[in-house]
Q: 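For reference, the structure I am asking about is given below.
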Amino acid sequence: MIKLTFNIIIALIALSGYGQDITGQWNGILKVQGIQLRLVINITETDSGYKSTLDSPDQGARDIPVTLTSFEDSMLHFEVSALKLSYSGSLNNDGIIQGTFKQMGQTLPLNFSKEAVEKEKLIRPQHPTKPYPYYSEEVTFINPIDSISLSGTLTLPTKAGKYPVVVLITGSGPQNRDEEILGHKPFLVIADHLTKKGIGVLRFDDRGTAKSTGDFKSATTKDLATDVLSAITFLKTRHDIDYKNIGLIGHSAGGLMAPMIASESEDIAFIVLLAGPGISGYDILLQQTALIARANGADESKLQKEITLLQGELDIVVKGNNLDEIKLELSHFLQKELKNQPELVPEGINIDQYISGSIDKLATPWFQYFLKYDPATSLIKVRCPVLAINGEKDLQVPSKVNLNAIKKHLKQGGNHDFKTKELANLNHLFQECVTGSPNEYAQIEQTFSPTALLEISNWVATKVK
């Protein structure tokens, strides 16, 4: 009798997972390259089966239609065809769904629970906290060319006074005023450092981002440069700004924009290029793809095939004029190449999904302009003082080739007031690092090297006396 009772209990425990209700809200946190994204699946049961919607609160996305939802033998499976993602997981006796998230070739662990989930707190010791020991003001200014309202933060050593000021210019992609990435806020750290050193800083959200209006996706670097020019016009209207000492600090693609503006505007007293390009985006992209892949342990023979494929894609974008025609040509090219080399398609997606993703990334006004533009065009015309620094382990804008090119172009244009410097052991974000791979960015607690900060502030101080 005792043995029979024990067996019944074991059976009930084994079956308990099958009796749990799968409907309701399930919460999870997806971790990818150091980013933590909360995901919420909302499941309901109907006469015809299960239906659900997906939320991504951190991206401001809610009620995303889920194409397929199934729950059988404790296994939950759902797909969102529009986002090319799928999930499969098993509901265990603790009420946790343990499973795998797949999207665009990436496979990541993801667990769901009906309990509220909290993201792991990232340690970012350099981020300043309020109250700041200086004056900080929320500002808004207009780009009249494109009728865009741009929002930002102006920091000054004190509310009273008249100060030199720098405008910070973000890198590629739509970014907020802090150039926030992977929990880091490099522009917040730079602004804090410079303001404490007596230099005002204006940083603003890119058009179409955060509190700024406009459409980033349709803009080229040249278009975005007009946003910076509008910032300068705004600063010149203020009584607390020394308008004869307005400088620009551009990071990465922002370092491409700063010389463009300085070469055309007499209002710029100096520029600082942080990992700024000295060669074309076409050449940079090919180099960074190879460098990052090797740092991450890529197979060399496969990498060479990937580089050849990428070069073919870039050639189409560079030579084309009409974006619709470029998209069509890219589609035909990739269909042909991937049919013969299916191993180049990342695991977890099909050829059509890979092609669609590639076209969305490459066939944009910004990307085409970036690939085609030669930084020499503007660098040879820059007459103001220039500081160009880069990290020795930068794999995105390789240090030596770009710094050497910047130096060459400035000399060619007759500019003798410049300084170029490679900083040891720093990556593209100017963090002290091991390999320089972007995979390290989120794991490094440091946001911006103190050595690099001092290099910037000490140089700027010599130009605003």
Side-chain angles (χ1 to χ4, degrees), residues 139 141 143 150 152-156 163-172 175 177-179 186-191 193-195 197-207 221-236 238 241-278 373 375 377-390 397 402 406 409-410 413 415 417-421 430 448 452-453 455-464:
V139 298
F141 53 94
N143 177 343
L150 298 156
T153 301
L154 174 66
T155 54
L156 299 170
Y163 298 100
V165 66
V166 296
V167 180
L168 303 186
I169 311 173
T170 64
S172 59
Q175 295 180 288
R177 67 192 70 184
D178 294 328
E179 202 187 36
F187 275 15
L188 173 62
V189 173
I190 293 172
H193 174 80
L194 290 176
T195 308
K197 294 287 186 178
I199 301 157
V201 179
L202 174 61
R203 63 193 197 275
F204 63 93
D205 302 323
D206 289 343
R207 61 167 70 185
T221 303
K222 188 174 182 180
D223 297 325
L224 297 174
T226 64
D227 295 343
V228 180
L229 286 168
S230 299
I232 295 165
T233 300
F234 161 73
L235 290 171
K236 290 172 65 179
R238 297 181 60 105
I241 299 300
D242 179 2
Y243 64 86
K244 292 183 179 180
N245 279 304
I246 297 176
L248 305 176
I249 298 181
H251 176 232
S252 194
L256 181 70
M257 203 184 306
M260 292 173 61
I261 298 166
S263 67
E264 301 293 337
S265 173
E266 296 182 356
D267 294 324
I268 309 304
F270 58 88
I271 61 175
V272 178
L273 312 182
L274 306 177
Y373 188 78
T377 305
S378 55
L379 284 167
I380 61 174
K381 295 189 291 183
V382 173
R383 296 292 178 264
C384 67
V386 180
L387 170 66
I389 61 175
N390 206 331
V397 180
N402 283 282
I406 290 170
H409 301 326
L410 290 171
N415 190 329
D417 191 356
F418 68 87
K419 178 181 180 180
T420 61
K421 187 171 183 178
F430 291 86
F448 205 94
L453 289 172
E455 191 71 43
I456 297 166
S457 60
N458 289 343
W459 183 86
V460 170
T462 67
K463 303 303 172 185
V464 297

Q: Donor-acceptor pair, N402 side chain versus G278 backbone, under 3.5 Å?
A: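 Checked: pair present.
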Q: Spell out, as yes or no, whether a donor-acceptor pair under 3.5 Å connects the side chain of H193 to the backbone of L453.
A: yes
Q: Roughly how far, to the nearest 0.5 Å, is the CG atom of L168 from the CG atom of L188?
A: 10.5 Å
Q: Hey, are the side chains of L274 and I456 touching, using non-hydrogen atoms and a 4.5 Å cut-off?
A: yes
Q: Using every non-hydrogen atom in the two residues, find where A275 and F430 come nearest and quote the distance to one decimal.
A: N-CZ, 3.6 Å
Q: With heavy-atom distances below 4.5 Å as the criterion, would you say the side chains of K197 and V460 are in contact?
A: no
Q: Please find the pair of heavy atoms, one from L150 and one from D205, that lie closest to each other, and give the distance.
A: CD2-O, 3.9 Å
Q: Between L235 and L154, is there a side-chain heavy-atom distance shorter than 4.5 Å?
A: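 They are in contact (side-chain heavy atoms under 4.5 Å apart), so the answer is yes.
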Q: Identify the two heavy atoms, one from C384 and one from A269, that lie closest to each other, and give their separation to 0.1 Å.
A: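 Heavy atoms only, the tightest pair is CB-O, 3.5 Å.
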Q: Which of these passes side chain to side chain contact (heavy atoms under 4.5 Å, CB included) with V382: I261, I271, I268?
A: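 Looking at I261, I271, I268, the match for V382 under the side chain to side chain contact (heavy atoms under 4.5 Å, CB included) is I271.
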Q: Looking at K463, I want to see if its NZ is surrounded by more than 12 non-hydrogen atoms of other residues, nucleotides or ligands under 6.0 Å.
A: yes
Q: What orientation do F141 and F204 show, parallel under 30°, tilted 30 to 60°, or perpendicular over 60°?
A: perpendicular
Q: Please check this pair: side chain of D178 against backbone of F187, looking for a donor-acceptor N/O pair closer than 3.5 Å.
A: no
Q: Is the backbone N or O of I190 less than 3.5 Å from a side-chain atom of R203, with the two atoms forming a donor-acceptor pair by type?
A: no
Q: Tell me whether N415 contacts the main-chain N or O of P385 through its side chain, where contact means a donor paired with an acceptor under 3.5 Å.
A: no
Q: Side chain of N390, backbone of V397: donor and acceptor closer than 3.5 Å?
A: yes
Q: Is there a donor-acceptor pair under 3.5 Å between the side chain of S265 and the backbone N or O of A262?
A: no
Q: Got a second to check how far M257's CE is from H251's NE2, nearest 0.5 Å?
A: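 Interatomic distance, M257 CE to H251 NE2, rounded to 0.5 Å: 13.0 Å.
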Q: When rounded to the nearest 0.5 angstrom, what is the spacing between CH2 in W459 and CG in L387?
A: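 Going from CH2 on W459 over to CG on L387, the span is 5.5 Å.
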Q: Which value, rounded to the nearest 0.5 Å, describes the distance between N245 atom CG and F270 atom CZ?
A: 6.5 Å
Q: To the nearest 0.5 Å, how far apart are CG in L273 and NZ in K419?
A: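 If we round to the nearest 0.5 Å, L273:CG and K419:NZ are 13.5 Å apart.
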Q: For residues K236 and I246, report the shortest heavy-atom separation together with the two atoms involved.
A: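 Closest pair (atom of K236, atom of I246, distance): CG-CD1, 4.0 Å.
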Q: Hey, could you give me the CD/CG distance between E264 and L229, rounded to the nearest 0.5 Å?
A: 9.5 Å
